Asks: 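A single structure is presented below for examination.
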Amino acid sequence: MASFVEPLRPNIASADVALPGVRDYEQVDDEIIATLKPSAGWFGALGVSILLFLVGAAAWIYQIYWGLGNAGYAPPVMWGVYIITFVFWVGIGHAGTLISAILFLFRAGFRTTIYRCAEAMTVFAVMTAGLFPIIHIGRPWKFFWLIPYPNWRMIWPNFKSPLVWDVFAISTYLTVSATFLYVGLIPDIAVLRDRETNPMRKQILAVLSLGWRNSEPEWRHFMKMYLFLAAFSTPLVLSVHSVVSFDFAMALTPGWHATIFAPYFVAGAIFSGVGMVFTIIIPIRRFFSLRHYVTINHLDAAAKLCLFTSLIVGCAYLIEFWVAWYSGVAVEQEFFWNRVFGQWWWSAWIMLICNMVLPLSLFSQQLRRNPTWLFILSIFINIGMWFERFVIIVPSLSHEFEPWQWGHYAPSWVDVSILIGSFGWFFMWFLLFIKQLPVIAISEVKEIVPPKLRTHAAPHGVDVSGHHPPYGVATPGEFD
Amino acid sequence: MSQSTGSAGVKRREFLKVLGAASAVTTTIGCSQEKVEKLIPYLVSPDQTVPGVSTYYSTTCRECATACGVVAEVRDGRAIKLEGNPEHPVNHGALCARGQAALQGLYNPDRYRSPMVREGGKLVATTWEKAIPLLSQKIGEVRSTGRAGNVAFIDQHASGSFGAFLDQWLGAFGFPAHHQYDSSADLAVRAANSAAYGVAMPGIDMAAATLVISLGADFLDGRDAGVPMQLTFADARAKLQHAPRFIYIGPRRSLTGLNADEWIACKPGSEDAIARALLGAVGGTGGGTIAEAAAASGVTAATLQRLADELKAARPSLVLSGVSTPNAGVVATIAANINKAAGNVGVTVKPGEPMGGYDGAVGAAQMGEIAKAANAGSIPLLFVRGANPAYDTPKSMQFSAAMAKVPYKVSFSCYPDETTELCDLVLPSDHALESWGDAEAKPGVISLQQPVMDRIFDTRATGDVLLQLAQGDPATVARFPWKSYRDFLVSRFPGGSATFTQALASGMANGAIAQRSAPGARPALSAETPATIAGDGEYFLVVYPHAVLSTGAGANKPWLQELPDPVAKILWQSWVELHPTTASKLGVSAGDHVTVKTSTGSITAPAFVYLGIRQDTVAVALGQGHTAYGRYAKDIGINALDALGATWNGAGGVSLTQARATVTRGGDRSDLVTTEGSARQHGRGIAQAMSVADLVAGRFGEEAHHFPGDADHSFLPGLRSPVAGDAQGDLVDSTAKDQGMYNPKHWSGMAKRRWAMTIDLARCTGCSACVTACYAENNIPTVGARWQGRALRPGSASDDSAWDTRPGANILKGREMSWLRIERYFEGGEDGSTDFEARFVPMMCQHCGNAPCEPVCPVYATYHSPDGLNVQVYNRCVGTRYCSNGCPYKVRYFNWHGYGEPERRQYAFPEPLHLQLNPDVTVRGKGVMEKCSFCVQRIREAENLAKLEGRELKPDEFTTACAQACPSRAIVFGDAADENWSVAKLALDARAYHVFEELSTYTAVVYLKRVNHPGGAN
Amino acid sequence: MRRGLVAAFRELDAICDAIEALKKQKYDFTVYTPTPRHEIEHAVAPPMSPVRRYTLIGGLLGLTFGYWIAVWTSEYWPLVVGGKAIASWIPYTIIGFEMMVLVGALSTVAAMFIHSGIPKITATIGFDPRFSHGDYGIFVEAPPERLKAAEDTLRAHGAVDVRGES
């Protein structure tokens, strides 16, 4: 890439990532709106996604009729691919809110052009994850019994059960992140509305934009609301995956019953989410020709986040082993030995290599600034994080206290079909999204685009140049 | 459980209350049949039978020659449970797995539903009106040709009047007397006993012995007199420090061997040498020397010397023989001589109090004679009833081929077994539970058999059919004055009709049954010198009757197929036992197919690597490999008799250890269908044992620790019961407000009870009768049948190729539903030595006070009842299976398929098996979790009864199905909060421990440590 | 009756100056901007947004409801599970927290809707699509006699385009 031959720029604070390739507001509108034009490739991808989704749906119907026995469950392994995939997708769903909320509070400038993608990814990932507990249970048609709905028999769920916590955490998370996504979209929809020529679409957009007029009072309340939503979402993100981790930590099972689980899961979730962001954003910036919006510097900054979370996760793995040894509990020790060197060695090593070893490559700035490598790495991270959940769930259940009940586990064709189907379902929604609504937040990009001025003398001593350095200084990695 | 229907003198309103309580938990099982007439129920007469309330009939179990007394629980005209008759002198209320499974014979879906006649090469249904004339016509033809003398009748072996009746009938037509064929009987031992003691099976009192030596006698493997032998063994072991030390001598360590304190692995066929040495040691005549024995048996002289010394020192002792080599008779005779020389006769061996019903059986040798005659074409007409010689005689005898040469073959069997399938006319008999009969419990005690319900198919009691035939013939009618076979029984019953009717209530009467005379009334040892073990293979082949399926009769009952073999823990499959060293020598690992080839045949089955067998020996169990006998038996495993020749054990029985074999690895492999995860308990203290020395010295291992936050349970005596809030440790005060239902003042008023169970591992032999009892009581589905597997690809229900049709496919996925399982752990022997110990642990829901499964359930489908039960609410369960993940004991089972849905491929109760379902227990639906409920339906029934009678529960008034059945009396159930119940006392025994106590689950199941008697301990 | 003027500006400092001037002359007017700019906010110097109050109240309501539903249902039908206290406040904190976030977040959004008067039915009066594109805009409402002065002020400060609106 161009940026390799030129001298590398010194690392800049991620807050100072700028978009010199974007000169004025009109350019933003025109270029972003241009991405909404459907293409053949998009239709193809959508078709494939829908097909995969239908495969999964068919498998699920078959399973409901003939019973869960057709999945690969082999007691004592009572949880399998479905719960693994549930945790996997919930994890993916954490990057979005992290980037849009936490990085917003931290004023990390590099979030601006990637957060919309990440947020949409979050919503669809959580939508996918939410299906799996229902797919997983023995009587899916009774799933609503987990919800505390008023009924004359006064039968309520057990609020001591982590699964009920899940219901609350996941549904809250889905609602809040969907709201977050939508209100963030309102001004952009207003932009689309005003640029739209087709009266039909214009009408629809007008309704969706709720009559947003870009007036100063609207913006004032909007910014306040956005701040508080971010302030709420931040602890929410942390809580949701902590609650998911309680599903395991609250059971006596060796390998589950550990206090480290909450932080360990949260870090893992963010790590996997950032991985998925790479998987999604790198093709988008290429095919939508948005390289000057999502610049190499953006990827570089995101890669640092990825590396950081990877280090936390790796640390958590090692602490688990250490605790098992230090606890002196034979059951725990035997279990961890079995996890890494016994029956399940292969899955454990997939996890360790993908999540702990490969991301270390991000210490190299060359690789951090190499989209191709980031994309490949992100695939490994996705695989590694799926296997992390496999390693947590299957080996633990197959090697518990009661040696007589030690067992094995192998997924069946039904598990695999439904797993594939979940990817179809996720990408179906995501593909539909990126061609209907802007994948880059128009009005937020405009914030960092320098405004036109009559004089260079700043009136009223206001720094009209915004918070980024004066443009004109062409910095490598910002135009390719 | 209660023997009364509870309906006596009930006021209408109270009755409706019970009815309500009963129907609340009742699933309807089809309409109740018209009530059976002429039946005398256990305590109350039939006209007081109330819908939804059980009636109990006492009768006799005919699953084997041991005539155990059973009580059949009948609900709405359907027998739903068999339990031992507590007053019966043979089994004292206990009942083995095969006895429990008699119900699945009664309701077997493959039973003949009407008479069958061979037309165009296959059997087709016909009517009695056609069938009986047809038979009498055939009989007429035979007699007219003057060949009546060559007719043969093969009956199953059973004591009682039928033999005499049958001989009388045969005599009337000029036919020779019948043969009672018994393939599972140890004829050599019976013959030797008859010669030595004058009785086939002397009474045994192990409790009186200080040393028990078994020369291959597998009295705990469901052989002759299984239940009484297990009772006396358990009682002996329960004497703890005064219990006899038990030494097992044999090439393979059977279930009996695993219960022994020491195993001496001698070469097959060398038992006689060892026996002679022992005889010499106790100063008997004809004794041998240690040196000879050591040379012959491959056991060190030192070991044998120690053995001899121990025997000499032990007074009284007991030596039992049960070897299956050709010289079995010889060994048994020497064993008897040892007992005589050691002065055991009358003390531990009691010919004065023999066990009845073991005379008169013939073995495969007699079948050989019949086959010979048939081949010569001299048999014009062959009758078979119950016996199955076409299956359970050595293949090399070619019985089927010979039988095909018989012009006309008639069967009275009720199952489509291999022999009956060869017959030309089938006149299916009623099941024992549908018909009249009697048996000799022990000399001087008659055990009566009465129909407990109306017949479900168009079958008839063979006795009545024979009567009709005889009365149809003017020549014989005069000699058969009885209206029915029942009248015949009454006519010869001491005291006649009146006493007969009285006796039916208890199912027993004093008096003797007139025995039939020859042939073989008394088994005799043949004079000729026994053969030696033949062949020149590298390995000895040991064949043994399956501990559950016996010689194959049990194979058509899903409960028995689903019951893991107590030793190998393999089910729905055959296997070849190899020593680890042998396996590695052959390059075989568990599951690899091995071919065992003898001079007379060969068999191939997956290998099971087993410590308890000599390195120069391989072992195979009988019982599988049926080519007919119904959907549950057909095409499962192999029949070990295919590899055996016509070598007899000295009394006409097949010698099961008769050949050397070459063992080679087959190309194929199939996973072992086993319930075993790890055979080692990794020092986790699940099955605990202590040496008798520690017991005497009062060293009971570490005391139960006290945990922080542990509540004061003073308001509930007995077992520690949790107070709500224990988990926080902030409610240690029993008067705390937040006791929830545990508050004795709680409106439910149940908190005063704490249902609990103790299991004495010193008694438990691992026989697994409790498991089958649990299946029967709790409507547990069997899931191992070949059509119950999962889909391998999308496909319709009818398309077999889409489904996993391996027998036990679900078990391979660990999906067995056994609420109660017997775990078999090995201790020691890692080096492959014979010095290892087996420990059996019945494991079921521990009903933890602080149950890890409860708080994780999102819908309260499992919670803790105030009387200490861990309750599972099937209708509320949504199937998250989280409870199972939380359970350290892994005793929760999930309905992966619609086992209870008739329209499903995996349906577990094909008509009419569903008629056995217990109306008090829900049949669980697809997608819900289930587990041991401590037989909550029995608890509530007893409580309702007590309430109706306006009293409190009486201590030990009722018990669970497993405890009721246990032939070792190892399981005791009751209220640990009330010291008047025996469980409350046992829970405080010094040997008591909880499994995984360190997890602070406060289990309600208390195990009592097994006590071992290592050498020199006493 | 009042009439209005819609003025479009190309430059940020221009509109800031115009806002200052209009404020001096006591016109009431609405400012449009494609993206929120601090400069404009400073120039308009509006009162603090009241959204935060809704957030606080909503959050507290949610928290209370979460604890209440959990405790009340447990006490209503006391079932002992795993020997835990009937009403275990420690785990119920999770319910309380999630409900706090849910209700708090939704009431925040509701507040934004209420105070910025959306959804709006008519978006046309005094608005120009340019304002969501590249231009800043001001909509001045005044009696007819003052409109001329206003137009002069706007043009003087660099309005590229001024049109009347009624």
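If you're wondering where the values come from, they're calculated on a predicted model, not measured in any experiment. A, B, ... follow the sequence lines: proteins, then strands. Residue 1 opens every chain.
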Asks: Might you point out which heavy atoms bring A:Gly69 and B:Arg790 nearest each other, and give the distance in Å?
Replies: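 Taking every non-hydrogen atom into account, O-CB, 3.4 Å.
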Asks: Nearest 0.5 Å, please: how far is NE2 in A:His136 from CZ in B:Arg881?
Replies: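 Reported value, rounded in 0.5 Å steps: 4.0 Å.
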Asks: Report yes if the distance between the aromatic ring centroids of B:Tyr882 and A:Trp79 is under 6.0 Å, otherwise no.
Replies: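 When the ring centroids of B:Tyr882 and A:Trp79 are compared, they turn out to be within the sub-6.0 Å range.
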Asks: Drop me the distance from A:Met250's CE to B:Asn885's CG, to the nearest 0.5 angstrom.
Replies: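 The CG atom of B:Asn885 is 14.5 Å from CE of A:Met250, to the nearest 0.5 Å.
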Asks: Quick check on B:Cys887 against chain A: is it the side chain, the backbone, both or neither that has a heavy atom closer than 4.5 Å?
Replies: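 For B:Cys887, the backbone is the part near chain A, not the side chain.
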Asks: So, taking the atom named CH2 in A:Trp406 and the one named CD in B:Glu676, what distance separates them when rounded to the nearest 0.5 Å?
Replies: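 Going from CH2 on A:Trp406 over to CD on B:Glu676, the span is 11.5 Å.
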Asks: Which residues in residues 320-339 of chain A have a heavy atom less than 4.5 Å from any heavy atom of chain B?
Replies: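 The stretch touches chain B at A:Val331, A:Glu334.
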Asks: For B:Ile822, is it the side chain, the backbone, both, or neither that has a heavy atom closer than 4.5 Å to a heavy atom of chain A?
Replies: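 Looking at B:Ile822, just its backbone touches chain A.
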Asks: Quick check for you: to the nearest 0.5 Å, what is the distance between B:Arg876 atom CZ and A:Asn158 atom CG?
Replies: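 Atom-to-atom, B:Arg876:CZ and A:Asn158:CG are 10.0 Å apart.
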Asks: Of the backbone (N, CA, C, O) and the side chain (C-beta and beyond), which part of B:Arg815 lies under 4.5 Å from a heavy atom of chain A, both, or neither?
Replies: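 For B:Arg815, heavy atoms of backbone and side chain both lie under 4.5 Å from chain A.
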Asks: Would you mind telling me which of B:Phe826, B:Tyr889, B:Tyr825, B:Phe840 makes a ring-ring contact (aromatic ring centres under 6.0 Å, His included) with A:Trp404?
Replies: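 Single ring-ring contact (aromatic ring centres under 6.0 Å, His included) partner of A:Trp404 among B:Phe826, B:Tyr889, B:Tyr825, B:Phe840: B:Tyr825.
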Asks: Give, as side chain, backbone, both or neither, the part of B:Gln906 having an atom under 4.5 angstrom from any heavy atom of chain A.
Replies: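 Just its side chain gets close to chain A.
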Asks: Would you mind telling me which of B:Val841, B:Leu792, B:Asn895, B:Asn810 has the largest number of heavy-atom pairs within less than 4.5 Å of chain A?
Replies: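 Ranked by contacts with chain A, first place is B:Leu792.
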